[in-house]
Novice: 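My questions all concern the structure below.
We number each residue from 1, following the sequence as shown.
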Amino acid sequence: MRTTVREQDEPRLMDVPPPTRDHLISEIQARFPGWGVWHSDAHRWWAFRTAFAPLTIGQLRAGCRLIVQADTHTELCAAIRAEIEYARRAA
């Protein structure tokens, strides 16, 4: 006789708590050193450059942004990546 795992013994997706906002903020900040992150009461995601990764005058004049925003944390990560690349090219 073959033994199988019963359905009730397997964890269900809905039993796993979703990541908390604070966890996501910490994860984004760890992934992008030099950026601080917050989630506003208006449910927007924001990131700002810290003194760890300041922009030069030339980068500011080229249009690099100090702050980016997005609707989701995934979109915020994409915006941060784009700004990092833009600043690299403007350096």
Side-chain angles (χ1 to χ4, degrees):
M1 176 177 211
R2 188 170 164 194
T3 59
T4 60
V5 177
R6 296 180 312 180
E7 186 175 306
Q8 68 247 25
D9 293 336
E10 295 179 6
R12 294 177 298 176
L13 186 58
M14 55 205 263
D15 292 335
V16 179
T20 65
R21 180 175 54 189
D22 291 340
H23 175 75
L24 290 171
I25 289 171
S26 296
E27 183 181 299
I28 295 168
Q29 291 179 155
R31 189 181 311 165
F32 300 103
W35 287 85
V37 176
W38 82 93
H39 186 255
S40 72
D41 291 340
H43 305 291
R44 299 276 301 159
W45 288 88
W46 300 78
F48 60 95
R49 292 179 188 271
T50 66
F52 177 79
L55 294 173
T56 64
I57 295 298
Q59 289 169 318
L60 288 169
R61 288 182 179 151
C64 294
R65 295 182 288 170
L66 297 173
I67 299 173
V68 294
Q69 61 177 313
D71 289 325
T72 67
H73 70 280
T74 302
E75 291 172 356
L76 183 68
C77 290
I80 294 170
R81 277 192 295 277
E83 278 302 309
I84 289 170
E85 180 59 23
Y86 190 69
R88 185 188 68 76
R89 290 182 184 180

Novice: Looking only at heavy atoms, which two atoms of Y86 and C64 are closest? And how far apart?
Specialist: CD2-SG, 3.4 Å
Novice: Do L76 and D71 touch side chain to side chain, with heavy atoms closer than 4.5 Å?
Specialist: no
Novice: Could you report the tightest heavy-atom contact between A87 and Q59, atom names first, then the distance?
Specialist: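 Scanning both residues completely, I find the closest heavy atoms to be O-NE2, 2.8 Å.
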Novice: Would you call the rings of W38 and F48 parallel, tilted or perpendicular, taking 30° and 60° as the class edges?
Specialist: tilted
Novice: Working to the nearest 0.5 Å, report the span between CZ of R65 and CG of L55.
Specialist: 11.5 Å
Novice: Report yes if the side chains of L66 and L60 come closer than 4.5 Å at any heavy-atom pair, otherwise no.
Specialist: yes
Novice: Flag the pair W46 / V68 as yes when at least one side-chain heavy-atom distance between them is below 4.5 Å, and no otherwise.
Specialist: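 In short, these two side chains do not touch, never coming nearer than 4.5 Å.
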Novice: Under 3.5 Å, is there a donor-acceptor pair between the side chain of T50 and the main chain of G34?
Specialist: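 Side chain of T50 to backbone of G34, a donor-acceptor pair under 3.5 Å: yes, one is there.
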Novice: One pair to check against side-chain contact (heavy atoms from CB on, under 4.5 Å): T20 and I25. What are the steps and the verdict?
Specialist: CA-CA 9 Å; T20 65; I25 289 171; over 6 Å; no
Novice: Please tell me if the side chains of R49 and E83 come closer than 4.5 Å, counting only heavy atoms from C-beta onward.
Specialist: yes
Novice: Report yes if the side chains of W45 and R21 come closer than 4.5 Å at any heavy-atom pair, otherwise no.
Specialist: yes
Novice: When rounded to the nearest 0.5 angstrom, what is the spacing between NE2 in H43 and OG1 in T72?
Specialist: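 Reported to 0.5 Å precision, the distance equals 14.0 Å.
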Novice: I would like to know whether E85 and R89 meet salt bridge (charged side-chain N to carboxylate O under 4.0 Å, His left out); could you show each step before the answer?
Specialist: CA-CA 6 Å; E85 180 59 23; R89 290 182 184 180; 2.9 Å; yes
Novice: Can you tell me how far apart CG (L24) and CD (Q29) are? Round to the nearest 0.5 Å.
Specialist: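 Here the interatomic distance stands at 11.5 Å.
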